[in-house]
**Student:** 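Got a structure here, written out as structure tokens. Questions coming.
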Amino acid sequence: MRIATFNVNGVNGRLERLLDWLADTKPDVACLQELKSDSFPARALEQAGYGAVWHGQKSWNGVAILARGAAPIETRRGLPGEGSGAQARYIEAAVKGVLVGCLYAPNGNPVGSARYAAKLAWYDRFAAHAEALLATGQPVALAGDYNIMPTDLDVYAPERWRGDALFQPELKARYAALRDAGWVDGIRDVFGEGERVYTFWKYWRNAFQRDAGLRIDHVLLSPVLAARLESAGVDSHHRAKAGASDHAPAWVELEG
DNA sequence: ATGGCAGCTTCGAGCTGA
């Protein structure tokens with residue numbers, strides 16, 4: 001069973017690229033972020049063989065969960081403690097025996113701004129919910145754009161990113177705390193603590209061609225799911241295509 | 001340190017992203 005996460009950077013404008021990737025890699029579950037629309041191409045995805053639940057908003061943010069040959073059962077939209085006017089950054093569904101949370105964490109730049117404070121607050125809500133999910137003992141995957149590079153290994157030039165909201169020690173500490181609590185970083189677990197692997201490359205300055213990338217899209221697995229982890233990867237060949245998102249899809253393969 | 005690119009939007013310059 002393959003669970004993937006893909007920040008599409010505009011689900012309607014990117015639809016052809018999304019359909020191409022689905023047909024090429026056939027993930028069982030695909031978590032999408034940055035839909036950037038309050039309309040969702042459910043019909044086209046259905047014709048491609050994917051059922052979907054989505055939580056969109058106009059212009060910005062937006063998350064969705066796709067399931068190949070199945071209809072995801074939505075279990076929640078938004079995190080506990082959010083107001084009704086909150087940005088569309090979290091959706092959760094039961095899919096093929098796994099509880100899947102799809103997230104799009106705030107960017108938070110610049111450091112010290114109200115947006116940065118909102119990112120910290122969002123992570124507090126997310127961590128509380130993750131703790132509750134872990135306590136259930138169920139198979140859970142939390143997949144999405146975390147907007148955190150967890151360590152220096154996840155940044156092509158760490159010194160250039162020290163002042164960025166995606167690379168603050170207090171945010172890296174929050175990510176580390178999730179791992180300490182029992183969540184397994186599927187991609188890092190498979191690649192090991194020595195190999196560089198990125199999921200995002202800026203559109204600027206030929207970043208992809210230079211492999212000047214960041215690892216900010218992650219799939220965290222609860223212990224019972226982590227026990228089934230077989231492999232993981234990043235579909236960087238799709239980042240190389242014309243008209244690609246600035247993120248590449250990342251995935252884990254689970255036994256069964 | 002700056003600026004570079006791309007997608008969105010009351011249609012086009014400004015906001016956001018990372």
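Since we're looking at a predicted model, the values are computed, not measured. All chains are named by letter (A, B, ...) in the order of the sequence lines, taking the proteins before the strands, and each is independently numbered beginning at 1.
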**Student:** CG of A:Leu18 to CG of A:Leu66: how many Å apart, nearest 0.5 Å?
**Tutor:**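 The CG atom of A:Leu18 sits 6.5 Å away from the CG atom of A:Leu66.
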**Student:** Quickly work out the A:His247 NE2 to B:dC5 P distance and round it to whole Å.
**Tutor:**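 Nearest whole value for this atom pair: 18 Å.
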**Student:** List every contact pair, protein side and nucleotides 13-16 of chain B side both N or O, where the distance is under 3.5 Å.
**Tutor:**
unit_1	atom_1	unit_2	atom_2	d
B:dT16	OP1	A:Arg115	NH2	2.5
B:dT16	OP2	A:Arg115	NH2	2.9
B:dT16	O5'	A:Arg115	NH2	3.4

**Student:** Looking at NE2 of A:His218 and CG of A:Leu178, how far apart are the two atoms once the value is rounded to the nearest 0.5 Å?
**Tutor:** 10.5 Å
**Student:** Considering only atom P, compute the distance from B:dG3 to B:dC8 and round it to an integer number of Å.
**Tutor:**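 Comparing P positions in B:dG3 and B:dC8 gives a spacing of 25 Å.
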**Student:** Reckon A:Asn147 touches a base, only the sugar-phosphate, or nothing at all at heavy-atom distances under 4.0 Å?
**Tutor:**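 Result for A:Asn147 = sugar-phosphate.
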**Student:** Output the rounded distance in Å from CZ (A:Arg239) to P (B:dC5).
**Tutor:** 14 Å
**Student:** For B:dG7 and B:dG12, measure between their C1' atoms and round to the nearest Å.
**Tutor:** 13 Å
**Student:** What is the distance, rounded to the nearest whole Å, between atom CG of A:Asn61 and atom C1' of B:dC8?
**Tutor:**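 About 12 Å, once rounded to whole Å.
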**Student:** Go nucleotide by nucleotide along DNA chain B from the 5' end; which of A:Lys58 and A:Asp164 gets its closest nucleotide reached first?
**Tutor:**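 On the 5' side of the pair lies A:Lys58.
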**Student:** If you count every heavy atom of other residues, nucleotides or ligands that lies below 6.0 Å from A:Arg162 atom CZ, does the total exceed 12?
**Tutor:**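 Yes, CZ of A:Arg162 has more than 12 neighbouring heavy atoms, counting only those of other groups under 6.0 Å.
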**Student:** Could you tell me the separation between the CG atom of A:Asn7 and the P atom of B:dC8, rounded to a whole number of Å?
**Tutor:**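 In whole Å, B:dC8 P and A:Asn7 CG are 12 Å from each other.
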**Student:** Rounding to a whole Å, what distance do you find between A:Asp246:CG and B:dC8:P?
**Tutor:** 12 Å
**Student:** Mind checking if A:Asn12 touches a base, just sugar-phosphate, or nothing, with heavy atoms under 4.0 Å?
**Tutor:**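 Nothing, no nucleic acid heavy atom in range.
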**Student:** Using modelled atom types only, decide if a donor and an acceptor are shared between the side chain of A:Glu195 and the backbone of A:Gly192 within a distance under 3.5 Å.
**Tutor:** no
**Student:** Is the distance between the ring centroids of A:Tyr90 and A:His129 under 6.0 Å?
**Tutor:**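 Aromatic pair counts; centres sit under 6.0 Å.
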**Student:** Starting at OH of A:Tyr104 and ending at C1' of B:dC8, how long is that distance when rounded to a whole Å?
**Tutor:** 12 Å
**Student:** Here's a test of your reading of the structure: between A:Glu34 and A:Asp38, which maps to the more 5' nucleotide of DNA chain B?
**Tutor:** A:Asp38
**Student:** How far, in whole Å, is B:dT2 from B:dA6 if one measures between their P atoms?
**Tutor:** 23 Å
**Student:** Just by modelled atom types, is the A:Leu103 backbone N or O under 3.5 Å from a matching donor or acceptor in the A:Arg89 side chain?
**Tutor:**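 Side chain of A:Arg89 to backbone of A:Leu103, a donor-acceptor pair under 3.5 Å: no, none is there.
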**Student:** Please report the distance, rounded to the nearest Å, between CZ in A:Arg160 and P in B:dG4.
**Tutor:** 16 Å
**Student:** Got a second to check how far A:Tyr203's OH is from A:Asn9's CG, nearest 0.5 Å?
**Tutor:**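 Atom-to-atom, A:Tyr203:OH and A:Asn9:CG are 4.5 Å apart.
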**Student:** Which value, in whole Å, describes the distance between the C1' atoms of nucleotides B:dA1 and B:dC15?
**Tutor:**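 These two C1' atoms come out 22 Å apart once rounded.
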**Student:** Looking at DNA chain B, which of residues 195-212 of chain A put a heavy atom within less than 4.0 Å of it?
**Tutor:**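 The stretch gives A:Phe200, A:Lys202, A:Tyr203, A:Trp204, A:Arg205 as the residues lying under 4.0 Å from the strand, ordered by number.
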**Student:** When we call it a touch if two heavy atoms are under 4.0 Å apart, what does A:Asn109 touch: a base, just sugar-phosphate, or nothing?
**Tutor:** base
**Student:** Would you please name every residue forming a side chain to side chain donor-acceptor pair (under 3.5 Å) with A:Trp161, sequence neighbours left out?
**Tutor:** A:Tyr156
**Student:** Please check if atom CD in A:Glu131 has more than 12 non-hydrogen atoms from other residues, nucleotides or ligands closer than 6.0 Å.
**Tutor:**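 For A:Glu131, atom CD is not crowded (no more than 12 foreign heavy atoms under 6.0 Å).
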**Student:** P atom, B:dT10 versus B:dG4: distance in rounded Å?
**Tutor:**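 It comes out at 27 Å once rounded to the nearest Å.
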**Student:** Looking at every non-hydrogen atom in both residues, tell me the closest pair between A:Val100 and A:Ile65 and how far apart they are.
**Tutor:**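 So the two residues come closest at O-CD1, 3.4 Å.
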**Student:** Rounding to an integer number of Å, can you tell me how far A:Trp161 CH2 sits from B:dG17 P?
**Tutor:** 13 Å
